[in-house]
Peer 1: 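A single structure is presented below for examination.
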Protein chains: 2
Amino acid sequence: MPLTIEDLAKELGLSRSTISKALNDRPYVSHETKARVLRTAHELGYQPSAAARNLRRQRTNKIGLVVTYPIHRVSDFLAELIPGMATVAEEAEYNLILYASMVGRVERIKSLCRSREVDGIIIAWPPSLSETVALSQLLADEDMPHIFLPRRVPHEAVSYVAADHVQGARLLTQHLIALGHRRIGFERLPEVYETDDDRHEGYAQALREAGIPYDPALVVSANSQDADYERRSFDAFQALDEPPTAILFFTDPLAIRALSHAKARGIRVPQDLSLAGYDGILSTGVTEPALTTVRQSTAEMGELAAASLLKLISAGGAEPQQHILPVDLIVRGSTGLNSRA
Amino acid sequence: MPLTIEDLAKELGLSRSTISKALNDRPYVSHETKARVLRTAHELGYQPSAAARNLRRQRTNKIGLVVTYPIHRVSDFLAELIPGMATVAEEAEYNLILYASMVGRVERIKSLCRSREVDGIIIAWPPSLSETVALSQLLADEDMPHIFLPRRVPHEAVSYVAADHVQGARLLTQHLIALGHRRIGFERLPEVYETDDDRHEGYAQALREAGIPYDPALVVSANSQDADYERRSFDAFQALDEPPTAILFFTDPLAIRALSHAKARGIRVPQDLSLAGYDGILSTGVTEPALTTVRQSTAEMGELAAASLLKLISAGGAEPQQHILPVDLIVRGSTGLNSRA
DNA sequence: ACCATTTCGGAAATCGATTTCCTATATGTC
DNA sequence: GACATATAGGAAATCGATTTCCGAAATGGT
């Protein structure tokens with residue numbers, strides 16, 4: 001139904017090729033002809049068919065955001081990630097296609113490559129390291145530019161954008177040490193692989209630097225499947241001979257709930273116990289006391305991922321893009337001087 | 001580079017048409033031939049070119065989410081909206097393309113239609129009513145199925161999904177009236193048009209039902225450009241001869257900030273003053289006291305919008321889809337009995 | 001056994017652009 | 001003025017599928 005290039009050609013008494021050359025600013029079209037074509041095209045509101053153009057050009061000017069994790073579990077991050085990502089893409093005349101139901105569907109990713117419906121792929125929250133590397137290999141075999149998010153991939157050929165979680169946890173731990181804490185608990189979350197390793201490493205590193213011995217009793221693993229676990233582990237900490245005077249939580253919601261547990265048990269924060277979260281979600285600003293946390297610039301990560309992917313697309317087979325973004329320590333009221341020091 | 005249908009045909013010693021019929025489950029292919037084709041296609045990992053298929057079929061199996069509002073201003077809503085939307089689309093073998101930079105770019109929307117890169121459009125946060133209706137007319141002229149979000153469009157031919165804000169504000173106001181409040185302030189936000197009208201209407205309606213006179217002095221307009229305005233209007237309320245004993249805010253962040261102002265001035269919530277927000281963002285659960293608010297099911301709205309759009313797409317020219325979703329009153333600690341009653 | 005239908009599969013048209021190739025004219029050089 | 005080169009524009013090939021059309025073989029009815 002809409003106008004085709006053929007209609008436009010007929011209207012102007014020219015051939016399809018001339019129209020195409022004029023519209024795409026190619027040589028061998030006289031200045032006047034080109035102007036005439038452009039004017040008429042604009043008047044009639046002609047717009048080339050995306051499908052026809054994609055077929056002929058063998059590219060779509062679309063990038064895919066493939067979420068290989070239950071999407072409702074990461075929607076808060078997506079909210080920060082997507083706007084910048086889409087904006088950067090659109091500045092380069094690309095659009096973002098969302099692939100939301102991609103948990104464990106490697107076959108689907110493969111068919112995405114083969115059908116060539118996107119020119120490049122951002123893979124968000126890929127599964128374990130080994131699967132990530134395998135997936136990267138698969139995509140490379142399919143000649144599909146791609147980049148991973150939001151975890152580093154310790155492999156020289158793989159592109160990724162991540163935040164510096166070693167540094168984040170280190171900053172938090174150093175902050176607590178500076179406040180006089182020496183018994184610092186850490187609640188980790190092994191199910192997120194490298195990120196967990198990194199934060200744990202940052203924690204251990206800061207302790208090491210301060211000459212504080214690492215005590216395994218102070219490190220527990222959270223379990224997102226079992227909510228009551230949080231309460232039990234909190235109480236277990238308090239029941240230790242030498243309970244921690246400060247606790248780092250892998251993520252803000254854990255810390256926020258711990259704050260309620262503490263209050264429920266009459267433990268004052270930060271006078272009796274310092275608590276800190278991680279990620280800097282909005283809610284951390286309105287708890288009482290407000291939560292000390294580490295903020296990663298998710299928005300910047302989205303922009304950088306899109307920009308890097310576009311580079312990979314245009315520079316066919318360029319060197320991998322590997323970026324680790326700095327994080328910011330946000331000190332608020334939930335951490336204070338160690339009163340037992 | 002990837003396999004084409006021609007390669008597959010050669011491989012099997014068949015013609016393109018036969019392959020196509022087999023893969024698309026059309027008649028006039030013998031059972032064995034079809035089986036053979038399917039098996040080989042699967043073995044070789046053949047996947048039809050999306051561009052070629054789109055061109056021939058004259059549809060893309062993509063729907064567009066066009067955000068006609070600065071995207072970073074609505075990213076929290078997008079976070080709830082997108083997952084369900086994308087999931088519903090994908091269940092019907094559609095994907096979601098995001099168009100993030102569409103503020104005031106009617107021309108761009110038109111070219112989107114003409115280039116046929118999507119089969120339907122969800123328009124989020126369209127501008128004023130008149131522009132919305134004009135836009136709808138434009139899209140209809142272009143034969144582009146479309147639906148608006150998240151505000152109702154009082155026009156019989158236009159499809160939309162919205163939440164029942166009249167009811168939301170009415171529930172909140174009734175709740176406060178039931179607590180004995182009769183001086184109830186309302187901070188509205190005129191820049192969001194119908195939504196503001198609706199909530200104001202719900203507020204006025206509840207007052208009317210309770211026989212409480214509407215006092216214009218109790219209704220102020222917030223201004224998202226001027227942050228200090230909030231504080232001034234809060235103080236202005238307190239300076240009235242008969243200050244309000246409860247205040248409804250157009251949106252949660254306004255209420256949360258008002259909570260800080262109140263504390264800063266030694267006004268106790270809810271003993272001296274009840275406060276309520278609107279939207280039910282996460283932070284409202286962790287303030288102290290937690291905020292009474294109204295929750296709209298944004299996720300459900302996304303799903304419904306996608307499902308409705310798919311209906312419009314498949315039922316070419318069916319009746320418009322108009323949905324108003326119910327909202328929930330969430331009563332928490334920030335509202336209490338009127339102590340001055 | 002003969003004619004009318006189906007069934008199967010291939011040849012060719014089609015979707016709407018871009019790109020290559022070609023021809024006719026204009027321009028430039030000596 | 002003859003010849004090489006550049007320019008303008010058109011004809012046709014191409015991208016990779018789907019769909020229509022057609023002929024040959026198989027099937028069925030009498």
Side-chain angles (χ1 to χ4, degrees), chain A residues 1-38 40-41 44-62 93 111-119 143, chain B residues 1-38 40-41 44-62 93 111-119 143:
Chain A
M1 193 72 255
L3 243 54
T4 71
I5 197 172
E6 181 66 41
D7 301 327
L8 198 53
K10 225 168 274 171
E11 177 74 23
L12 284 160
L14 291 167
S15 74
R16 293 211 300 277
S17 23
T18 305
I19 308 287
S20 177
K21 285 171 194 164
L23 293 176
N24 293 291
D25 204 27
R26 316 219 71 120
Y28 305 125
V29 184
S30 74
H31 203 65
E32 312 101 85
T33 307
K34 189 197 287 184
R36 204 156 64 90
V37 171
L38 288 177
T40 311
L44 302 182
Y46 166 75
Q47 200 64 31
S49 144
R53 169 174 269 180
N54 291 347
L55 174 57
R56 180 65 235 219
R57 291 197 171 157
Q58 298 285 78
R59 87 197 135 86
T60 60
N61 279 51
K62 303 265 175 284
E93 309 219 59
S111 78
L112 193 59
C113 298
R114 300 264 228 249
S115 69
R116 293 276 135 183
E117 48 184 277
V118 292
D119 298 340
D143 266 317
Chain B
M1 192 74 258
L3 243 55
T4 72
I5 198 173
E6 181 67 41
D7 301 328
L8 197 55
K10 226 168 273 171
E11 177 74 23
L12 282 159
L14 291 168
S15 75
R16 293 210 301 275
S17 24
T18 306
I19 307 288
S20 177
K21 286 171 195 164
L23 293 176
N24 293 292
D25 203 27
R26 317 221 71 120
Y28 306 125
V29 184
S30 73
H31 204 66
E32 313 100 84
T33 307
K34 189 198 289 187
R36 205 157 63 90
V37 172
L38 288 177
T40 311
L44 303 183
Y46 167 75
Q47 199 64 31
S49 144
R53 169 174 270 181
N54 290 347
L55 174 58
R56 181 65 235 218
R57 290 195 172 160
Q58 300 285 74
R59 86 195 136 86
T60 60
N61 279 53
K62 305 265 175 282
E93 311 219 58
S111 78
L112 193 60
C113 297
R114 300 263 228 250
S115 69
R116 293 276 134 183
E117 49 184 275
V118 293
D119 298 340
D143 266 317

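Here is how names work: the chains are called A, B, and so on, in the same order as the sequence lines, proteins then strands, and each is numbered from 1.
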Peer 1: Report for the helix from C/dA1-D/dT30 to C/dC30-D/dG1: angle between first-end and last-end helix axes, five pairs each, rounded to 10 degrees.
Peer 2: 30°

Peer 1: Please report the C-alpha distance between A/T4 and A/K10 in whole Å, then the side-chain angles of each, then the deciding distance to 0.1 Å, and finally whether the side-chain contact (heavy atoms from CB on, under 4.5 Å) criterion is met.
Peer 2: CA-CA 10 Å; A/T4 71; A/K10 225 168 274 171; over 6 Å; no

Peer 1: Just so I know, are the side chains of B/L3 and B/E11 near enough to count as touching, which here means a heavy-atom distance under 4.5 Å?
Peer 2: no

Peer 1: Rounding to a whole Å, what distance do you find between A/R59:CZ and D/dG16:P?
Peer 2: 15 Å

Peer 1: Provide, to the nearest angstrom, the distance between the OH atom belonging to B/Y28 and the C1' atom belonging to D/dC22.
Peer 2: 13 Å

Peer 1: Can you list everything that forms a side-chain hydrogen bond (donor to acceptor under 3.5 Å, both in side chains) with A/E6? Sequence neighbours excluded, please.
Peer 2: A/R16

Peer 1: Atom CG in B/N24, atom CZ in B/R57: separation rounded to 0.5 Å?
Peer 2: 5.0 Å

Peer 1: Side chains of A/K62 and B/K62, heavy atoms from C-beta outward: is any pair under 4.5 Å?
Peer 2: no

Peer 1: Backbone N or O of B/R59 within a donor-acceptor pair of the B/D119 side chain at under 3.5 Å?
Peer 2: no

Peer 1: Applying side-chain hydrogen bond (donor to acceptor under 3.5 Å, both in side chains), can you list everything that pairs with B/T18, at least two apart in sequence or on another chain?
Peer 2: B/S15

Peer 1: Between D/dG16 atom C1' and B/K10 atom NZ, what is the distance in whole Å?
Peer 2: 13 Å

Peer 1: Is B/T33 close enough to C/dC8 that one of its side-chain N or O atoms is under 4.0 Å from OP1 or OP2 there?
Peer 2: no

Peer 1: Expressed as a whole number of angstroms, how long is the span from A/N54:CG to C/dC15:C1'?
Peer 2: 13 Å

Peer 1: Return a single string for nucleotides 17-22 of chain C, one symbol per nucleotide in 5' to 3' order, where B is base contact, S is sugar-phosphate-only contact and - is none, cutoff 4.0 angstrom on heavy atoms.
Peer 2: BBB---

Peer 1: Does a nitrogen or oxygen in the side chain of A/Q58 sit under 4.0 Å from OP1 or OP2 of D/dT14?
Peer 2: no

Peer 1: Name every donor-acceptor pair, under 3.5 Å, that has one atom in a side chain of residues 46-56 of chain A and the other anywhere in the protein, sequence neighbours excluded.
Peer 2:
from  : atom 1 : to    : atom 2 : distance (Å)
A/S49 : OG     : A/A51 : N      : 3.4
A/S49 : OG     : A/A52 : N      : 3.0
A/N54 : ND2    : A/A50 : O      : 3.2

Peer 1: What is the separation between atom CZ on A/R114 and atom C1' on D/dG16, rounded to the nearest whole Å?
Peer 2: 16 Å

Peer 1: I'd like to check the side-chain contact (heavy atoms from CB on, under 4.5 Å) partners of A/L38; sequence neighbours left out, ordered by chain and number.
Peer 2: A/L23, A/K34

Peer 1: Taking atom P of C/dG10 as reference, at what distance in whole Å does atom CG of B/L14 sit?
Peer 2: 5 Å

